[in-house]
Amino acid sequence: MRHVVEWRVMAERRGGEKLAEFQKRLLDWFRANRRDLPWRRTRNPYRVWISEIMLQQTRTAAVLPYFRRFFRAFPSLKALARARGDAVLRAWAGLGYYSRARNLHRAARIIVREHGGRFPETLDDALALPGVGDYTARAVLSIAYGAPLAVLDGNVARVIARREAIEGDPRAPGCWKKLQDIADRWLATDAPGDWNQAVMELGATICTPRRPRCGACPVRDGCRALRLGLVDRLPERRVKPTTVRLRIAAAVLLDERGRTLLVRSSGPAKENAPERPDDLGSIFSRMWHFPALVVASGYSRSDLERHLRAEYGVDGARWQALGKLRHTVTFREITIEPWLALTDSLPRDGGRAVALDHVPRMAVSSASRKIAIAALAELGRDE
DNA sequence: AATTCGGGGCA
DNA sequence: TGCCCAGAATT
């Protein structure tokens, strides 16, 4: 028993030494090789915050010119808070994800109003700001204030998945949690900001998604993926079934009282039957939907007319094509071609007649909602 | 849990 | 073309 306890203590000490050595090697490498980026010149929380928002899903090279320009236009958090919304958006134009700019502006005003113009220092206060999620809050607080918080982003996830040979899709909720736990354990608490940046820098420049440069890696000792020959297979690619492209024609019938026809597809032949990609019922979430037909690219309106007559015994007069809609559901990418058709009467059975302007508020799939809104918009234009 | 939001680099 | 990226908000 005594031996077991001693062995455990020894193992933990060895683990601790290994961790400390790993941390030192990576930090030394980072401090010697860090890129000289404009947001690394001070620890000004405003500067760090702006850079982290801009860097969300965006490459460093793309951010550089925008950061300089943005910072010239809005040199301080208070200047940003005072600015007009359209001025902020102008400075953001071309960078993409424009809700980032809107949230940034809103958050600046909140910070001035509620935090005396200084980026908040606690995790909860930071997370309460619009546009600040788990990653950004931890990044700003650790880099600007030295808070002991480990970040987890795409780079860190990849480094951890390789070093610890973690299998599974990193973005799956369970796996992400496990990765965050490891990131927390790894954190060099005496230099959280440098540590976080070091791991991300490693992922961005050495431990890259494809063709990582393991020969140049400062911490290749202790990398399980490298030892097991799994570097090219980790992290696991996200399982994304090949998308099926599908074209659907849908009819928005309209009688004189402003009512339209909704129908419901019969379910699959049997429970747990493999789902066919062109199963209308599943496309519309097995809810009420407009009469629709899977069509080829060269179909004509008469195909849709024939379908309506055969299935529901209804004829349309005065057809009008509405704009094409795109709808994505899991592994399907659907182009919907909605048609508006005036009719004298709706069928008594085989479906239900409801007011068209009521459809968007009904329990229908988002595809049906989009179609109804497009039809209503078209009708509104005529008036 | 899945989708949306953008633009660019790279194989 | 498809994938990936210093993610967050919404439904």
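The analysis underlying the following values was restricted to heavy atoms, covering all of them including side chains, and did not include hydrogens, waters or symmetry mates. Computed from a predicted model, the values in this text were never measured in an experiment. So that the names make sense, note that chain A is the first sequence line, chain B the second, and so on, each numbered from 1.
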| Can you tell me how far P in C/dA6 sits from the matching atom in B/dT4, rounded to whole Å? | 23 Å

| How far does OG1 of A/T205 sit from CG of A/N155, to the nearest 0.5 angstrom? | 9.0 Å

| said: Any base atoms under 4.0 Å from A/N196, or only sugar-phosphate, or nothing? Heavy atoms, all strands. | reply: nothing

| request: Could you check A/K370 against A/G94 and say which one's nearest nucleotide on DNA chain B is further toward the 5' end? | output: A/K370

| said: What's A/L129 touching, base or sugar-phosphate or nothing? Going by heavy atoms closer than 4.0 Å. | reply: sugar-phosphate

| said: Whole angstroms only, please: what is the CH2-C1' distance between A/W195 and C/dA6? | reply: 17 Å

| field | Residue A/T136, side-chain atoms from C-beta onward, closest of B/dC10, C/dG7, C/dA6 | value | C/dG7

| request: To the nearest Å, give me how far apart CG (A/L152) and P (C/dA8) are. | output: 10 Å

| query | Counting only side-chain N and O atoms of A/R158, is one of them less than 4.0 Å from OP1 or OP2 of C/dC5? | reply | yes

| task | Rounded to whole angstrom, note down the P distance from B/dG8 over to C/dA9. | result | 24 Å

| request: Start with the C-alpha distance between A/W92 and A/Y97, add both sets of side-chain angles, then the distance that settles ring-ring contact (aromatic ring centres under 6.0 Å, His included), and finish with yes or no. | output: CA-CA 9 Å; A/W92 206 271; A/Y97 281 124; 10.0 Å; no

| task | Check the pair A/F119, A/Y145 against ring-ring contact (aromatic ring centres under 6.0 Å, His included), reporting the backbone distance first and the verdict last. | result | CA-CA 10 Å; A/F119 194 91; A/Y145 300 139; 7.1 Å; no

| task | Take the protein atom OH of A/Y98 and the nucleotide atom P of B/dG6, then report the distance between them rounded to whole Å. | result | 7 Å

| said: Heavy atoms from C-beta onward define the side chain here; which of B/dG6, C/dA9, C/dC5 lies closest to that of A/N103? | reply: C/dA9

| remark: Whole-Å distance, A/R59 CZ to B/dG9 P, equals 9 Å

| message | With a 4.0 Å cutoff (strictly under), does any side-chain N or O of A/Q56 reach OP1 or OP2 of C/dA6? | response | no

| query | Closer than 4.0 Å, any side-chain N/O of A/Y66 to the OP1 or OP2 of B/dG7? | reply | no

| Roughly how far apart are A/M54 CE and A/W39 CH2, rounded to 0.5 Å? | 9.0 Å

| request: Rounded to the nearest angstrom, tell me the gap between atom CH2 in A/W39 and atom P in C/dA6. | output: 12 Å

| task | Just call it for A/G203: base, sugar-phosphate, or nothing, with non-hydrogen atoms closer than 4.0 Å on any strand. | result | nothing

| field | Whole-Å distance separating the CG atom of A/D232 from the C1' atom of C/dC4 | value | 16 Å

| task | Classify the nucleic acid contact of A/R40 as base, sugar-phosphate or nothing, counting any heavy atom under 4.0 Å across all strands shown. | result | base

| request: With C1' as the reference atom in both, quote the distance from C/dC4 to B/dG6 in angstrom, rounded to an integer. | output: 14 Å

| request: Nearest-nucleotide wise, let me know which of A/P209 and A/R100 is further upstream toward the 5' end of DNA chain C. | output: A/P209

| said: Expressed as a whole number of angstroms, how long is the span from A/Y97:OH to B/dG6:C1'? | reply: 6 Å

| request: Tell me whether the guanidinium CZ or amine NZ of A/R69 lies under 6.0 angstrom from the six-membered ring centre of A/Y66 and within 45° of its axis. | output: yes

| request: Under 4.0 Å between any heavy atoms, over every strand shown, what does A/I53 touch: base, sugar-phosphate, or nothing? Just pick one. | output: nothing

| request: Just call it for A/R138: base, sugar-phosphate, or nothing, with non-hydrogen atoms closer than 4.0 Å on any strand. | output: nothing

| said: Centroid separation under 6.0 Å, is that true for the rings of A/W195 and A/F30? | reply: no

| Phosphate contact (B/dG6 OP1 or OP2) by A/T58 side-chain N/O below 4.0 Å | no

| field | 5′-ward residue of the pair A/R106/A/T60 relative to DNA chain C | value | A/T60

| message | Taking the minimum atom-to-atom distance to the side chain of A/Y135, which one of B/dC5, C/dA8, C/dC4 wins? | response | C/dA8

| task | Give one of base, sugar-phosphate or nothing for A/V132, where a contact means two heavy atoms less than 4.0 Å apart. | result | sugar-phosphate

| request: Would you kindly give the CH2-to-P distance between A/W49 and C/dA8, to the nearest whole Å? | output: 13 Å

| Between A/F74 and A/Y46, is the ring centre distance below 6.0 Å? | no

